[in-house]
There are 2 protein chains.
Amino acid sequence: MYTIKDVAKMAGVSTSTVSRALSGNIPVNDDTKKRVFDAVKQLNYKPNFLAKGLKEGRSSAIGLIIPDIRNPIFPALARGVEDTARNSGFNVIFCNSDENIENEIESVNMLKNRLVDGFIFATASVDCQHIHQLRDENIPVVLMVRNIEELFDAVVTNNFEASYHAVKYLIDRGLKKIAIINGRLNLSLYRERYAGYKKALEDHGIDFSQEICFNCSTADANCYNIVKNYFATHRDIEGVFATNDLRAIEAIRAIKDAGLRVPADVSVVGFDDIQISSLLDPQLTTVAQPLYEMGKLAVEKLIKIIDEKGKRKQKPEIDVVESKLIIRNSTI
Amino acid sequence: MYTIKDVAKMAGVSTSTVSRALSGNIPVNDDTKKRVFDAVKQLNYKPNFLAKGLKEGRSSAIGLIIPDIRNPIFPALARGVEDTARNSGFNVIFCNSDENIENEIESVNMLKNRLVDGFIFATASVDCQHIHQLRDENIPVVLMVRNIEELFDAVVTNNFEASYHAVKYLIDRGLKKIAIINGRLNLSLYRERYAGYKKALEDHGIDFSQEICFNCSTADANCYNIVKNYFATHRDIEGVFATNDLRAIEAIRAIKDAGLRVPADVSVVGFDDIQISSLLDPQLTTVAQPLYEMGKLAVEKLIKIIDEKGKRKQKPEIDVVESKLIIRNSTI
DNA sequence: TTGAAAGCGCTAACAC
DNA sequence: GTGTTAGCGCTTTCAA
């Protein structure tokens, strides 16, 4: 590995001239510039990011903190993040938190020691002092997918409207008794989806019934049993709005195993459009979130904040992207 | 952010003493050690990894280079990598290559500039000069999932045996005409799976027929059409061995759409046991790779090499882990 | 057992 | 337009 000194020596200039020539935006004589570039090429010189980072107090790296990359919505987000970061010269260090605040704090601390230039979080809502602290230390933060009380910059989807339209779609198809399978209601995204469901019922004169609001908040695995148990004694539900695709898939299995057909007897709508949803039988009608795009937007937002650093930030901005209903075969 | 100087001042010692106390393995007077730790705690001092890395020529970070995190086998691997790396004090910087050698080289160069301590690759086989070069520069490398000619340390699965047993299982169930859906045969893992298939047929006196060796190497999407076209004019295949789950899922859809039943008319076996495979209808019989474990092993191997650095490595070691057939409902 | 000092590779005043 | 120099925060000789 050659250093800037080697380049300087070969080009017959000082290291600062090399530094300036390489930076691009500081005037350097064309002739010396050429000599520098020749030397760089000949030695295949690559600047040491650690030295640069140490000097500048920044690292051209961002931290990505998500619950678990194995959860099918995160790969696309992560990919959007990585592509976009790379295009701007950033690397991404990724950490899984398992929704555990201790893990999250540990990761944040490690990444702070690395002088990452900013953080992207998809995190649980409760307990976010560590994020507040980042803000207080003037370290850029953007939340993704999961919003916390409008306190931070964020990129989220229009959960309320998307859910409203998904449920409205079922209603428009003539269905009246429509169940919802909720997720963890301490996440705002699930509260919003729940609210969209209720509002759609209300706007179309359908009574809301707590009895058919299923709760699969703990682990997705339970969803199958909850739905199956219900159908063991009731056959009245015509439609199911599942607040994510995994729950929709579980529900479909449960409905089938209860001896009913999807969509002939029961229509099912999911949320997320994870990769597998189009491969199922029946293919899942679901709300597609632009996950890759959200990751991209989150990084763009973060980099803007990084570049503006110093100027004290005003009110946080929440970017809302549009999710759209993809109609496939799990609904009549 | 406090620095080692602040700690030194508060503890009334020199920075070198702080450094020694913190390092743990250099003798420091118990009393001064205590004063140092007190100061560290009081200031909540965290060492700057960039400075440490610059000095030591290492960064406590590893590079993870995979084709695409959205490919369902990679999240579990990545999770295994991250968990294990973190437990040893390493962060992981992840890069998607899209199987593109240019991207891969670019990522490698960026990460080298960051002085990552080692690389984990899941990469295509052709053209691996950049990996050779890493080795020549004495930068630790471990391959994962995809092996290249036994040239590098690697963690792979027993593709040949696992495929052999999967096909043997179909044969044992009384099936004779068994097709295979191959992947890109320039990847050794697919060549091995193909070889396992052939050997199983041969050992059980079944003629091999090129006509029912389907090739879905370009894009998984074609798989549906290839299979459907075949079944449009033939009804003779009793079993299908798909060399990954996505192809198995496509095949099942194609078989169903051709008016046949799975598994009553055609049994289908997949490979990988991606998350969704147990949620399908029918649930997929498939070969489960211990993906998380493989990621874990790859990191353990890498860290061992990092720790041994300097000692010139001998022959590369290939760790082979066992994949196992999971019998579910897509086979009779 | 401890401190002073050099230096990892880079950038940015500051001089000229 | 360019060189000299200091210094980012850390570790590690070298002396004491």
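Below, chain A is the first sequence line, B the second, and so on; all start at residue 1.
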**Student:** Applying side chain to side chain contact (heavy atoms under 4.5 Å, CB included), name anything that partners B/Glu322, two or more places apart in sequence or on another chain.
**Tutor:** B/Asn158, B/Lys324

**Student:** For a quick test of your reading: what N or O donor-acceptor pairs under 3.5 Å do the side chains of residues 289-297 of chain A make, sequence neighbours left out?
**Tutor:**
| residue | atom | partner | partner atom | Å |
| --- | --- | --- | --- | --- |
| A/Gln289 | NE2 | A/Asp272 | OD1 | 2.7 |
| A/Tyr292 | OH | A/Asp83 | OD2 | 2.5 |
| A/Lys296 | NZ | A/Glu300 | OE2 | 3.3 |

**Student:** Could you name each residue pair satisfying ring-ring contact (aromatic ring centres under 6.0 Å, His included) that touches residues 72-99 of chain B, not counting sequence neighbours?
**Tutor:** A/Phe94-B/Phe94

**Student:** Measure the distance from CG on B/Asn25 to P on D/dT11 and round it to the nearest whole Å.
**Tutor:** 11 Å

**Student:** Counting only pairs under 3.5 Å, give me each side-chain donor-acceptor contact of residues 37-46 of chain B, with atom names and distances, residues two or more places apart or in other chains.
**Tutor:**
| residue | atom | partner | partner atom | Å |
| --- | --- | --- | --- | --- |
| B/Asp38 | OD2 | B/Lys34 | NZ | 2.7 |

**Student:** I need the full list of salt bridge (Lys or Arg N to Asp or Glu O under 4.0 Å) pairs touching residues 4-31 of chain B, with sequence neighbours left out, sorted by first then second residue.
**Tutor:** B/Asp31-B/Arg35

**Student:** Earliest and latest nucleotide of DNA chain C, 5' to 3', sitting under 4.0 Å from a non-hydrogen atom of chain B?
**Tutor:** C/dT1 to C/dG9

**Student:** Are the charged groups of A/Lys304 and A/Glu308 less than 4.0 angstrom apart, N to O?
**Tutor:** no

**Student:** List in chain and number order the residues that pass side chain to side chain contact (heavy atoms under 4.5 Å, CB included) with B/Pro72, two or more places apart in sequence or in another chain; answer none if no residue qualifies.
**Tutor:** A/Gln275, B/Leu246, B/Ile274

**Student:** Not counting sequence neighbours, list each pair that qualifies as a salt bridge (Lys or Arg N to Asp or Glu O under 4.0 Å) and has a residue in residues 65-78 of chain A.
**Tutor:** A/Asp68-A/Arg70, A/Asp68-B/Arg79

**Student:** Near DNA chain D, under 4.0 Å by heavy atom, which residues of residues 36-62 of chain A?
**Tutor:** A/Leu54, A/Lys55

**Student:** Who passes side-chain hydrogen bond (donor to acceptor under 3.5 Å, both in side chains) against B/Lys112, sequence neighbours left out?
**Tutor:** B/Glu137

**Student:** Please list, pair by pair, any protein nitrogen or oxygen found under 3.5 Å from a nitrogen or oxygen in nucleotides 2-5 of chain D.
**Tutor:**
| residue | atom | partner | partner atom | Å |
| --- | --- | --- | --- | --- |
| D/dT2 | OP1 | A/Thr32 | OG1 | 2.9 |
| D/dT2 | OP2 | A/Asn29 | N | 2.6 |
| D/dT2 | OP2 | A/Thr32 | OG1 | 3.0 |
| D/dG3 | OP2 | A/Ser14 | N | 3.0 |
| D/dG3 | OP2 | A/Ser14 | OG | 3.1 |
| D/dG3 | OP2 | A/Thr17 | OG1 | 2.5 |
| D/dG3 | N7 | A/Arg20 | NH2 | 2.6 |
| D/dG3 | O6 | A/Arg20 | NH1 | 3.0 |
| D/dG3 | O6 | A/Arg20 | NH2 | 3.4 |
| D/dT4 | O4 | A/Ser16 | OG | 3.1 |

**Student:** Side-chain donor-acceptor contacts of residues 51-66 of chain A below 3.5 Å, not counting sequence neighbours, with atom names and distances?
**Tutor:**
| residue | atom | partner | partner atom | Å |
| --- | --- | --- | --- | --- |
| A/Ser59 | OG | A/Ala61 | N | 3.3 |
| A/Ser59 | OG | A/Leu115 | O | 2.7 |

**Student:** Round to the nearest Å and state the distance from A/Lys34 atom NZ to D/dG1 atom P.
**Tutor:** 19 Å

**Student:** Does a side-chain N or O of B/Thr3 approach OP1 or OP2 of D/dG9 to a distance below 4.0 Å, or not?
**Tutor:** no

